[in-house]
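A quick note: this is a predicted structure, and the numbers were derived from the prediction, not measured.
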Amino acid sequence: GLSHGTDVWLNNAQELVRSNIATLSEVICTRDDIMIYLINRGMDPTMAFKIMENVRKGRGLAPEMEEAMHEKAIPEWYIQSCKKIKYMFPKAHAAAYVIMAFRIAWFKVYYPEAFYSTYFTVRADDFDAALILNGVETVRSNIEELESKGNKLTAKERSVLTILEVALEMYMRSLRFAPIDLYKSDANRFLITDEGIRPPLNAMQGVGINAARSIVEARKEGEFI
């Protein structure tokens with residue numbers, strides 16, 4: 001809830017926790033927190049719901065809402081926190097994300113080949129085979145080069161940096177990539193093989209998905225001349 005909301009953690013709950021004004025369990029994390037907290041403080045459920053809806057939509061607090069909160073002796077830090085929030089997750093949505101994260105983490109630990117092959121398949125557009133298949137040192141140097149740009153990174157470069165970091169992690173876990181093969185590589189899926197994880201044809205720069213599919217179809221006819 002803290003990580004997916006807008007202005008829920010950064011410049012808000014984070015500062016409250018750092019300053020020892022509130023603990024992690026006390027700060028607002030999801031939209032449900034507001035309504036439940038206010039009802040527990042004796043506020044009318046309808047007003048508590050309206051305040052929650054206003055805050056989670058980024059509308060802040062109407063004067064009558066703030067007045068109702070003062071009447072129930074709601075701490076000032078809590079009121080100010082509500083005013084800063086632009087968007088919030090419902091608790092069930094946040095829980096679903098966490099459950100999914102645990103599932104992904106389980107595969108990452110126990111079935112790493114399946115994890116990395118799936119991860120790179122989903123992000124194949126940003127996978128630069130010519131760069132990544134060169135090994136650890138090439139990946140490291142490119143990570144350093146991109147990180148040196150700081151906030152000047154483009155959206156594309158940020159995506160590439162993430163891919164490089166995951167590739168480096170994979171190498172550090174003693175896993176390897178198999179070379180791209182004209183006859184063995186899939187059009188767009190990374191495949192688990194005895195030689196390692198084999199990138200697809202569209203992982204090569206300049207080879208789009210349609211061209212990759214055409215190659216896969218054409219090779220059914222036999223060897224290329």
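Hydrophobic clustering, defined by side-chain heavy atoms of Ile, Leu, Val, Met, Phe, Trp and Tyr closer than 4.5 Å, groups F89 together with Y87, Y97.
The closest side-chain heavy-atom distance from L24 to L2 is below 4.5 Å. With a 4.5 Å cut-off on side-chain heavy atoms, P75 and R41 count as touching. Looking only at side-chain heavy atoms (C-beta outward), Y119 and T162 come within less than 4.5 Å of each other. L201 has its side chain within reach of R219: a pair of non-hydrogen atoms, C-beta onward, lies under 4.5 Å apart. In this structure, N40 and L38 have side chains that are not in contact, with every pair of non-hydrogen atoms separated by 4.5 Å or more. At least one side-chain heavy atom of V17 sits less than 4.5 Å from a side-chain heavy atom of W9. Residues L61 and N54 are not in side-chain contact: their nearest non-hydrogen atoms beyond the backbone lie 4.5 Å or more apart. The shortest distance between side-chain heavy atoms of I85 and R56 does not fall below 4.5 Å.
In this structure, the side chain of S185 engages the main chain of P199 through a donor-acceptor pair within 3.5 Å. Without hydrogens or angle criteria, S19 side chain to I21 main chain gives no donor-acceptor distance under 3.5 Å. Using a distance-only test at 3.5 Å, with no hydrogens or angles considered, a donor-acceptor pair links the side chain of N12 to the main chain of S81. Side chain of N142 to main chain of V139: no donor-acceptor pair is present (N/O by atom type, distance under 3.5 Å, no hydrogens or angles). In terms of modelled atom types and a separation under 3.5 Å, the side chain of D32 and the main chain of K91 share a donor-acceptor contact. In this structure, the side chain of R198 does not engage the main chain of D181 through any donor-acceptor pair within 3.5 Å.
Contact record, F190 with S117: CB-O, 3.5 Å, taken as the closest heavy-atom pair. Nearest heavy-atom pair across I180 and P200 is CD1-O, 3.7 Å. Contact detail for Y116 and I197: the closest heavy-atom pair is CB-CD1, 3.8 Å. Contact between T118 and A114 at its shortest, heavy atoms only, is OG1-O, 2.7 Å. The two residues M88 and R31 make their nearest non-hydrogen contact at O-NH2, 2.7 Å. Considering all non-hydrogen atoms of both residues, T30 and G1 come closest at CG2-CA, 4.0 Å.
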* Would M69 and C82 satisfy side-chain contact (heavy atoms from CB on, under 4.5 Å), going step by step from the backbone distance to the final call? -> CA-CA 11 Å; M69 293 173 85; C82 285; 4.2 Å; yes

* Verify ring pair (Phe, Tyr, Trp, His ring centres under 6.0 Å) between F177 and Y171, making sure each step is shown before the conclusion. => CA-CA 9 Å; F177 288 104; Y171 278 129; 5.7 Å; yes

* Would you please test F224 and Y183 for side-chain contact (heavy atoms from CB on, under 4.5 Å) and show each step? => CA-CA 10 Å; F224 295 105; Y183 297 99; 3.6 Å; yes

* **Intermediate values then yes/no, side-chain contact (heavy atoms from CB on, under 4.5 Å), H70 and E76** => CA-CA 8 Å; H70 282 301; E76 188 60 30; 3.2 Å; yes

* To do: Give the C-alpha distance, both sets of side-chain angles, the deciding distance and a yes or no for side-chain contact (heavy atoms from CB on, under 4.5 Å) between V55 and I28.
  => CA-CA 11 Å; V55 173; I28 302 167; 5.8 Å; no

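One hydrophobic cluster, built from ILVMFWY side chains closer than 4.5 Å, cannot hold both L191 and Y111; they sit in different ones. A continuous path of ILVMFWY side-chain contacts below 4.5 Å connects L168 to V160, so both sit in one hydrophobic cluster. Linking Ile, Leu, Val, Met, Phe, Trp and Tyr residues whenever their side-chain heavy atoms come within less than 4.5 Å leaves I209 and I215 in two separate clusters. Using a 4.5 Å cut-off between side-chain heavy atoms of Ile, Leu, Val, Met, Phe, Trp and Tyr, with links allowed through other members, M100 and F115 fall into the same hydrophobic cluster. Under the 4.5 Å side-chain contact rule for hydrophobic residues, V8 and I36 do not share a cluster.
Surrounding CZ of F49 are at most 12 heavy atoms belonging to other residues, nucleotides or ligands under 6.0 Å away. Other residues, nucleotides and ligands place no more than 12 heavy atoms under 6.0 Å from the CZ atom of R189. Crowding of R173 atom CZ: a count of heavy atoms from other residues, nucleotides or ligands under 6.0 Å exceeding 12.
The pair E66-K83 meets the salt-bridge criterion, since a charged nitrogen lies less than 4.0 angstrom from a carboxylate oxygen. With respect to the salt-bridge test (charged N to carboxylate O, under 4.0 angstrom), the residues K50 and E53 do not qualify. Contact check on D7 versus K86 returns a salt bridge, with a Lys/Arg side-chain nitrogen under 4.0 Å from an Asp/Glu carboxylate oxygen.
Going from atom CG of L164 over to atom CD of E147 covers 9.5 Å, rounded to the nearest 0.5 Å. Expressed to the nearest 0.5 Å, how far NZ of K84 lies from CD of Q80 amounts to 7.0 Å. A distance of 9.5 Å separates CZ in R176 from CD in E113, rounded to the nearest 0.5 Å. Once rounded to the nearest 0.5 Å, the distance linking CG of N202 with CG of D186 reads 8.5 Å. Taken from CE in M65 to CD1 in I79, the straight-line distance is 13.0 Å, to the nearest 0.5 Å. The CE atom of M35 sits 10.0 Å away from atom OG1 of T46, with the distance rounded to the nearest 0.5 Å.
Ring planes of F120 and F127: perpendicular class, angle over 60° (limits at 30 and 60°).
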